[in-house]
Amino acid sequence: MPQTPPFSAMFDSSGYNRNLYQSAEDSCGGLYYHDNNLLSGSLEALIQHLVPNVDYYPDRTYIFTFLLSSRLFMHPYELMAKVCHLCVEHQRLSDPNSDKNQIRKIAPKILQLLTEWTETFPYDFRDERMMRNLKDLAHRIASGEETYRKNVQQMIQCLIRKLAALSQYEEVLAKISSTSTDRLTVLKTKPQSIQRDIITVCSDPYTLAQQLTHIELERLNYIGPEEFVQAFVQKDPLDNDKSCYSERKKTRNLEAYVEWFNRLSYLVATEICMPVKKKHRARMIEYFIDVARECFNIGNFNSLMAIISGMNMSPVSRLKKTWAKVKTAKFDVLEHQMDPSSNFYNYRTALRGAAQRSLTAHSSREKIVIPFFSLLIKDIYFLNEGCANRLPNGHVNFEKFWELAKQVSEFMTWKQVECPFERDRKILQYLLTVPVFSEDEGLAAIPGQGTGSHVPSLLGFL
């Protein structure tokens with residue numbers, strides 16, 4: 001069974017491999033190159049460039065880049081239908097009299113393309129039309145060859161396992177949300193019902209940082225690469241009758257991850273504001289400073305920024321007498337690292353260091369890179385907005401999509417790291433389900449925060 005190599009193999013020291021061999025056929029087939037770099041092409045030519053033949057198999061970086069970006073112009077199921085048509089018609093897979101040797105030469109290549117698609121963009125196949133086309137083409141490949149039949153079966157089983165895991169994950173998120181809502185209801189009727197705080201559940205800040213990393217990596221792992229593109233899709237100007245995204249703007253895992261960041265920020269603020277005594281609030285602030293510092297050491301920049309964000313919310317920052325009791329030197333260092341000035345220069349430097357450490361890592365712990373996610377999305381958004389998808393001649397601007405794919409591929413490498421820390425279910429449950437106050441509705445009314453109606457607000461985050 002052909003296996004796709006890890007995403008890190010897509011890169012060399014200089015970055016993304018954009019050098020694709022330019023044949024005479026390509027130069028007059030609707031594709032434009034400069035110095036052997038594919039820069040643009042008509043959509044039809046790019047689709048044909050995706051489909052293997054007896055003498056050709058597309059570069060893996062091209063497969064990823066085109067599958068990622070093509071959804072800006074057409075539905076994945078439309079692309080799959082075109083790919084299937086080209087495979088069947090051009091390679092005469094439907095012809096019972098076709099040369100068996102020819103089919104033996106082309107079948108492994110088509111199977112490899114399908115394998116790369118199902119492994120890298122499995123969520124495309126939640127669409128029944130996609131799955132139908134996949135099974136039809138796979139059946140044509142498998143008929144008559146036992147080896148191919150086994151490989152096809154293995155590919156489809158692997159895809160079904162991934163989709164089942166996604167469904168199970170979504171069910172867990174729904175259950176967590178339901179539990180949080182139930183606890184919020186109790187809190188509204190009995191405001192004093194919260195007896196615990198984060199320190200009673202987990203007294204060790206290093207352990208809490210590790211459990212936060214568990215949550216981060218799990219949520220990262222379920223984000224499909226296509227979600228970064230689907231978040232920004234608009235109407236294709238050459239597509240007169242359909243708006244490209246009503247049906248396929250599927251970014252639920254990306255959105256759930258952003259919501260987790262917001263929940264963690266409000267949880268930090270809630271935990272700091274809840275104690276009545278200043279010394280207890282000061283102790284909570286110092287606790288979260290230690291958690292944040294360990295997140296930085298781990299390479300968990302998303303939790304780090306969420307904690308800093310929570311500590312900078314006005315209900316926390318205005319606790320002047322509480323902050324007077326806190327040794328803030330460590331917090332000042334962390335704020336400096338995540339300073340937004342010069343386009344987050346300090347953070348980007350730290351991120352590059354963590355990414356370099358990950359490349360040469362000897363342990364799972366050293367491989368961890370969890371980027372500040374909102375900034376990653378912002379970078380991709382500005383890359384998307386800053387360059388046109390189409391050139392004036394109607395060609396797809398493929399140079400733009402190389403850069404887009406480079407950023408998303410790096411994320412793909414990071415999200416596949418397995419968390420090396422032992423899970424603590426009690427701590428995880430607390431982090432995910434304890435009711436939190438929003439800045440508008442609840443934090444200002446917590447003891448010591450001034451007047452206001454005591455209305456806690458769970459943010460509905462999963």
Side-chain angles (χ1 to χ4, degrees), residues 176 179-180 183-184 186-188 190-216 259-295 300 302-328 330-331 334-335 424 426-450 452 454-462:
I176 289 171
T179 302
S180 299
R183 292 184 179 187
L184 177 60
V186 172
L187 186 61
K188 281 181 175 178
K190 300 178 182 177
Q192 303 307 315
S193 61
I194 294 185
Q195 300 298 327
R196 297 186 303 168
D197 61 24
I198 189 71
I199 295 178
T200 62
V201 174
C202 178
S203 61
D204 179 14
Y206 300 99
T207 300
L208 189 73
Q210 292 173 0
Q211 298 310 304
L212 289 172
T213 303
H214 260 297
I215 295 172
E216 299 279 357
E259 287 167 353
W260 153 249
F261 176 95
N262 294 336
R263 172 178 170 80
L264 179 56
S265 294
Y266 282 117
L267 185 147
V268 168
T270 300
E271 293 284 346
I272 292 171
C273 292
M274 281 295 286
V276 176
K277 294 184 178 180
K278 287 191 289 288
K279 67 177 182 179
H280 292 156
R281 292 199 294 267
R283 179 186 174 215
M284 190 66 74
I285 289 173
E286 290 180 341
Y287 173 84
F288 276 116
I289 290 171
D290 287 337
V291 174
R293 190 166 67 159
E294 182 60 16
C295 286
N300 180 356
N302 202 56
S303 287
L304 166 63
M305 185 55 94
I307 292 169
I308 291 175
S309 173
M311 295 173 81
N312 280 322
M313 286 180 182
S314 58
V316 178
S317 61
R318 69 171 178 242
L319 296 170
K320 304 299 183 186
K321 292 180 180 178
T322 299
W323 280 97
K325 294 178 174 292
V326 175
K327 296 174 183 175
T328 58
K330 290 187 288 188
F331 185 60
L334 292 173
E335 280 204 304
D424 187 310
K426 181 180 68 172
I427 298 171
L428 291 172
Q429 185 178 30
Y430 184 90
L431 288 169
L432 293 168
T433 63
V434 68
V436 298
F437 294 87
S438 78
E439 193 168 9
D440 295 332
E441 296 174 289
L443 282 171
I446 294 177
Q449 298 307 297
H454 191 85
V455 184
S457 169
L458 180 69
L459 301 178
F461 300 142
L462 306 178

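Going from atom CZ of R283 over to atom NZ of K325 covers 14.5 Å, rounded to the nearest 0.5 Å. Taken from NZ in K321 to NZ in K278, the straight-line distance is 5.5 Å, to the nearest 0.5 Å. In this structure, L264 CG and L267 CG are separated by 6.5 Å, a value rounded to the nearest 0.5 Å. Of the inter-residue distances, the one linking L319 atom CG with S314 atom OG reads 10.0 Å to the nearest 0.5 angstrom. The structure places CD of E259 at 11.5 Å from CZ of R263, a figure rounded to the nearest 0.5 Å. With values rounded to the nearest 0.5 angstrom, H214 atom NE2 is found 12.5 Å from E216 atom CD.
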What do the steps show when you test Y287 against L208 for side-chain contact (heavy atoms from CB on, under 4.5 Å), and what is the final call?
CA-CA 10 Å; Y287 173 84; L208 189 73; 3.6 Å; yes
Yes or no on side-chain contact (heavy atoms from CB on, under 4.5 Å) for V201 and I199, after CA distance, side-chain angles and deciding distance?
CA-CA 5 Å; V201 174; I199 295 178; over 6 Å; no
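Nearest heavy-atom pair, Q211 versus D424, reported as atom, atom and distance to 0.1 Å: OE1-N, 2.9 Å. Across all their heavy atoms, E271 and M284 have their closest contact at O-CG, 3.5 Å. When all heavy atoms are compared, the tightest approach of I198 to F288 is CG2-CZ, 3.9 Å. C273 approaches P315 most closely through the heavy-atom pair SG-O, 3.8 Å. In terms of heavy atoms, S317 sits closest to N312 at OG-O, 3.9 Å.
Although no hydrogens or angles enter the test, the distance criterion places no donor-acceptor pair under 3.5 Å between the side chain of W260 and the main chain of L432. Without hydrogens or angle criteria, E286 side chain to K327 main chain gives a donor-acceptor distance under 3.5 Å. In this structure, the side chain of S309 does not engage the main chain of M305 through any donor-acceptor pair within 3.5 Å. R281 contributes no side-chain N or O that, together with a main-chain N or O of M274, makes up a donor-acceptor pair within less than 3.5 Å. The closest donor-acceptor contact from the side chain of S265 to the backbone of A306 lies under 3.5 Å.
Side chains of I427 and L431 form a contact here, defined as non-hydrogen atoms less than 4.5 Å apart. Two residues are said to be in side-chain contact when any heavy atoms from C-beta on lie closer than 4.5 Å; I272 and T322 fail this criterion.
When each of I289, L334, L212 is checked for a side-chain contact (heavy atoms from CB on, under 4.5 Å) with I307, only L212 meets the rule.
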